[in-house]
Protein chains: 2
Amino acid sequence: MITNMRPLTIAKLAEASGVHMETVRYYERIGLMPKPSRTASNYRSYGPEHVERLSFIRRAREIGFSIGEIKELLVLAEPGRTSCTEVQTLTAAHLGKVRTKIADLSKLEAILAGALERCLVEPAPVCPVLGMLASPRIPESVRSRRD
Amino acid sequence: MITNMRPLTIAKLAEASGVHMETVRYYERIGLMPKPSRTASNYRSYGPEHVERLSFIRRAREIGFSIGEIKELLVLAEPGRTSCTEVQTLTAAHLGKVRTKIADLSKLEAILAGALERCLVEPAPVCPVLGMLASPRIPESVRSRRD
DNA sequence: GATAAGGTCCGTAGTAACTACGGGGTCAAG
DNA sequence: CTTGACCCCGTAGTTACTACGGACCTTATC
């Protein structure tokens, strides 16, 4: 793939990197992607380096990094940077959040599954799910962070 | 707690149900909470039934139901409704989403943890985390649903 | 060369579920 | 009667996009 790559239109860039066209423009607006050069008719013109950067961004988003974190990662990924430690710090923090979320969701899973099971088993004078929601306390106070 | 409860101000209602005051007004705007009666000076005035409803809403939110789902649940929870089955359907669907999310996040966890571990083990000519983000494919294509 | 289809431009607004702000009226205590 | 706490309302900001609409531009066909 080291062929001669002519400049890409925004749609081609979008396709090549797996990101919607509108999202590319959005990333440009918020400064996540650089302003590209333009054709005579004011069309955006991209090169392979943009595909690379945008793909990096997409993968980082898929892994759940926020835009702010990705901005940091992109700085740390700049050539000349050898520092793996800062990236590790960011990643570890993110991993912590992921684990917290998994733990929260696992509790929810247990609660929901439990209520559903009671639905099937009990004679159910009142629906167990509704009963749970109406009751003053949910077992062990599930405090799920914002979805 | 079957004492005589005089009307509550919005702040009291908020405190009693564990929801922010602004959120109460927001819920009123979107029709999740009914428009309460007002005092002579146009202050909102709430009774115990509002505490109950708002608490129900808070718990349902904590369990991860969306506002739309909660609206449905509230209808199903109306007195005279015996139908547990519709609630079960909603809950089962929600449980499915929770499980999907857990599965997605577990994959992410493995990926992040793996990269972090390689950070510590390898001599690391290039940071494994950044390498992963720069490489064309992420193992097994993690397609995480929107957070 | 004309015309039609499709690509791109831009700014704006909508999404979920709130949270925060600002300028104003109201109530209770000292 | 003044101070501080409370409440009113509408609006805007948050996150990460997605969608819309009207105006250009390019490419293909006739």
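First the proteins, then the strands, lettered A, B, ... as listed; each starts at 1.
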Any salt bridge between E49(A) and R53(A), counting N to O under 4.0 Å?
-> no

Here the distance between atom C1' of dT14(D) and atom CD1 of I30(A), to the nearest Å, is 13 Å

In whole angstroms, the gap separating C1' of dT26(D) from CD1 of I10(A) amounts to 16 Å

Taking the side chain as everything from C-beta on, heavy atoms only, tell me whether R44(B) gets closer than 4.5 Å to R25(B). yes

Rounded to whole Å, the CD-P distance (E69(B) to dA16(C)) equals 12 Å

Set out, line by line, the N/O atom pairs under 3.5 Å between protein and nucleotides 9-13 of chain D.
from   : atom 1 : to     : atom 2 : distance (Å)
dC9(D) : OP1    : R38(B) : NH1    : 3.2
dC9(D) : OP1    : R38(B) : NH2    : 2.8
dC9(D) : OP2    : R44(B) : NH1    : 2.7
dC9(D) : OP2    : R44(B) : NH2    : 2.6

Y26(A) has its side chain closest, among dT18(D), dT19(C), dG7(C), to dT18(D)

Y43(B) OH to dG24(C) P, in whole Å, measures 16 Å

Closest to the side chain of S41(B), out of dT18(D), dA17(C), dT26(C), is dT26(C)

When rounded to the nearest 0.5 Å, the distance separating CG of L105(B) from OG1 of T100(A) is 10.5 Å

Computed from five pairs at either end and rounded to 10 degrees, the angle between the axes of the helix from dG1(C)-dC30(D) to dG30(C)-dC1(D) is 20°

Whole-Å distance, H20(B) NE2 to dC6(D) P, equals 16 Å

Atom CZ of F65(A) and atom C1' of dA16(D) are separated, to the nearest Å, by 17 Å

Next item on the list: Treating Ile, Leu, Val, Met, Phe, Trp and Tyr as nodes and any side-chain heavy-atom pair under 4.5 angstrom as an edge, say whether V98(B) and L90(B) lie in one connected cluster.
Entry: yes

### pair S17(A)-H50(A): side-chain heavy atoms closer than 4.5 Å
no

To the nearest angstrom, the OH-C1' distance between Y46(A) and dT8(C) comes to 11 Å

Separation of dC18(C) atom P from E62(B) atom CD, nearest Å, is 11 Å

Less than 4.5 Å apart, side chain to side chain, heavy atoms only: is that true for Y26(B) and L32(B)? no

Establish, with yes or no, whether the OP1 or OP2 oxygen of dC18(C) is under 4.0 angstrom from a side-chain nitrogen or oxygen of Y27(B).
-> yes

Of A11(B) and T39(A), the one whose closest nucleotide on DNA chain D sits nearer the 5' end is A11(B)

Can you check whether T23(B) has a side-chain N or O nearer than 4.0 Å to OP1 or OP2 of dC18(C)? no

- Query: Any side-chain heavy atom of Y46(A) sitting closer than 4.5 Å to one from T9(A)?
  - Reply: no

Comparing M21(B) with E22(A), nearest DNA chain D nucleotide closer to 5' gives the residue M21(B)

I want to check something: taking the side chain as every heavy atom from C-beta on, are I57(B) and L74(B) in contact at a cut-off of under 4.5 Å? yes

Would the number of heavy atoms belonging to other residues, nucleotides or ligands and lying under 6.0 Å from NZ of K71(B) be above 12?
yes

